[in-house]
Amino acid sequence: MGHDSDVKPPHVPGHEMAGIIEAIGSGVQNWRLGARVTVPFCLGCGGCAQCSSGNQHVCDNYYQPGFTGWGSFAEYVTIPYAEHNLVVLPDEVSFEAGAVLGCRFMTSYRGLVAQGRLRGGEWVAVHGCGGVGLSAIMIASAMGASVVAVDIDDEKLAFAESLGANVKMNATSTDDVPAAIREVSGGGVHVSVDSLGSRATCRNSIECLRKRGRHVQIGLLAGKDSNPPLPMHLVMAYELEILGSHGMQAHQYPGMLQLITSGKLPLQKMVGDSLSLQEGARALMELDRFRGLGVRVVNSF
């Protein structure tokens with residue numbers, strides 16, 4: 001769509017992936033051929049100040065497959081900094097589910113657990129029930145939170161309910177979304193997630209918080225939605241927190257994977273249709289229509 005200046009045709013997109021190691025570079029010591037692996041989309045170099053502090057996902061020499069380099073919409077993909085960024089994919093997790101982890105799911109996980117500091121018994125609102133939002137709903141429900149799911153599609157809201165949402169809210173038939181959320185949650189939610197990335201959902205997410213609440217921005221604000229006007233008077237008066245979530249470090253994956261393999265996070269439910277590469281190209285052109293449930297995965301070339 002022209003939102004990323006790093007991308008210059010010819011180019012191979014694709015930043016979420018899982019597969020088998022087929023070749024190993026000379027600088028890689030701790031991985032073997034044939035290993036089942038996945039990788040976060042935000043690769044750290046392992047040597048900068050951010051990586052040294054354990055924050056590889058915001059590396060000063062950041063590399064993102066499919067953006068800063070060619071990505072996973074191909075039979076083979078090269079992963080730089082592999083020593084620091086590959087993650088063992090448990091046998092219980094399919095490659096399709098492993099690919100779903102790569103951006104949306106793990107970003108939602110870190111957004112709620114590390115950034116939003118969500119606790120059991122709290123209220124959380126999730127604005128947008130696409131891949132990011134549905135991931136957040138599943139994770140929040142597993143953590144024991146009460147979840148308000150907001151979307152404009154009743155079918156997606158029904159799917160959100162099946163993943164653990166306690167309250168469904170269609171934004172097209174709700175006059176004042178923040179007010180409705182504040183009412184149903186008894187004064188506002190503790191944590192609110194903008195999982196879509198629009199001026200409307202960002203503002204609604206902040207305005208539905210209770211005092212000292214935490215807004216987590218996960219959806220990308222691109223194009224005309226960049227730099228939205230924010231209700232900073234509420235941020236100041238209610239001592240609200242505005243937090244971002246940009247991926248997750250590879251070394252933080254084990255805790256999330258343990259919840260998945262134990263069944264507490266039924267990740268496989270997030271996997272939608274499986275597509276060929278040709279079908280995936282057509283599906284990419286339809287993303288702005290928000291069709292389909294779950295995350296569609298390319299698994300045939």
Side-chain angles (χ1 to χ4, degrees), residues 1 3 16 100 102-112 115-116 118 123-141 145-182 184-185 188-209 213-228 230-231 242-247 269-272 283-284 286-296:
M1 299 294 291
H3 297 151
E16 299 173 285
V100 169
C103 176
R104 285 164 275 206
F105 196 90
M106 58 87 155
T107 303
S108 293
Y109 182 85
R110 186 171 185 278
L112 289 173
Q115 300 294 81
L118 182 66
W123 278 91
V124 58
V126 178
H127 302 261
C129 294
V132 172
L134 293 171
S135 299
I137 289 164
M138 179 189 293
I139 294 162
S141 177
S146 297
V147 184
V148 181
V150 184
D151 202 89
I152 59 174
D153 186 306
D154 287 333
E155 187 179 13
K156 289 187 177 181
L157 288 169
F159 188 39
E161 186 176 40
S162 75
L163 295 178
N166 303 88
V167 178
K168 300 177 296 181
M169 191 172 296
N170 192 312
T172 60
S173 57
T174 304
D175 291 335
D176 187 332
V177 170
I181 294 174
R182 289 195 301 269
V184 76
S185 61
V189 294
H190 300 83
V191 178
S192 186
V193 176
D194 176 11
S195 61
L196 176 64
S198 75
R199 292 189 172 212
T201 52
C202 180
R203 188 178 187 92
N204 285 348
S205 180
I206 296 171
E207 290 186 347
C208 75
L209 291 168
R214 288 95 70 193
H215 161 77
V216 183
Q217 188 67 41
I218 300 179
L220 296 175
L221 293 154
K224 63 180 178 59
D225 289 303
S226 297
N227 301 315
L230 301 179
I242 307 295
L243 302 154
S245 183
H246 182 79
K269 286 186 176 181
M270 288 294 302
V271 179
L284 283 170
E286 300 173 354
L287 281 179
D288 59 348
R289 303 177 199 175
F290 305 107
R291 293 176 175 173
L293 300 176
V295 180
R296 290 175 284 181

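Just the heavy atoms: all of them, side chains too, but no hydrogens, waters or symmetry mates, feed the values below.
Two residues are said to be in side-chain contact when any heavy atoms from C-beta on lie closer than 4.5 Å; V177 and C208 fail this criterion. Contact check for W123 versus V167: side-chain heavy atoms found under the 4.5 Å cut-off. Using a 4.5 Å heavy-atom cutoff, the side chains of R104 and L134 are not in contact. The side-chain heavy atoms of V147 and V124, taken from C-beta on, include a pair separated by under 4.5 Å. I206 is listed as a side-chain neighbour of L230, based on a closest heavy-atom distance under 4.5 Å. Inter-residue side-chain proximity for V132 and T107 is flagged as unmet; no heavy-atom pair is nearer than 4.5 Å.
Heavy atoms only, all atoms of each residue included: G131 and V295 are closest at CA-CG2, 4.0 Å. Pairing each heavy atom of K269 with each of S162, the nearest pair is NZ-O, 4.1 Å. Shortest non-hydrogen contact noted between S192 and S205 is OG-OG, 2.7 Å. Listed here is the closest heavy atom pair of E207 and R182: O-NH1, 2.8 Å. Contact detail for I152 and A171: the closest heavy-atom pair is CG2-CB, 4.1 Å. Here the closest heavy-atom approach between residue G111 and residue I218 is recorded as CA-CD1, 4.5 Å.
Counting only residues at least two apart or in different chains, side chain to side chain donor-acceptor pair (under 3.5 Å) contacts with residues 166-175 comprise D154-N170, E161-K168, N170-T172.
Taken from SG in C103 to CG in L220, the straight-line distance is 7.5 Å, to the nearest 0.5 Å. Within the model, atoms SG of C202 and NE2 of H127 stand 9.5 Å from one another, a figure rounded to the nearest 0.5 Å. Within the model, atoms CZ of R110 and CG of L243 stand 10.0 Å from one another, a figure rounded to the nearest 0.5 Å. With values rounded to the nearest 0.5 angstrom, C129 atom SG is found 4.0 Å from I137 atom CD1.
Side-chain atoms of T201 never come within 3.5 Å of backbone atoms of D194 as a donor-acceptor pair (strictly under, hydrogens ignored). Between the side chain of R214 and the main chain of G116, a donor-acceptor pair closer than 3.5 Å is present. Looking at R199, its side chain does come within 3.5 Å of a backbone N or O of K224 through a donor-acceptor pair.
With sequence neighbours excluded, the residues satisfying ring-ring contact (aromatic ring centres under 6.0 Å, His included) with H246 are F41, Y62.
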Open item on the list: side chain to side chain contact (heavy atoms under 4.5 Å, CB included), that's the test. Do V150 and N204 meet it? Break it down for me.
Closed with: CA-CA 10 Å; V150 184; N204 285 348; over 6 Å; no
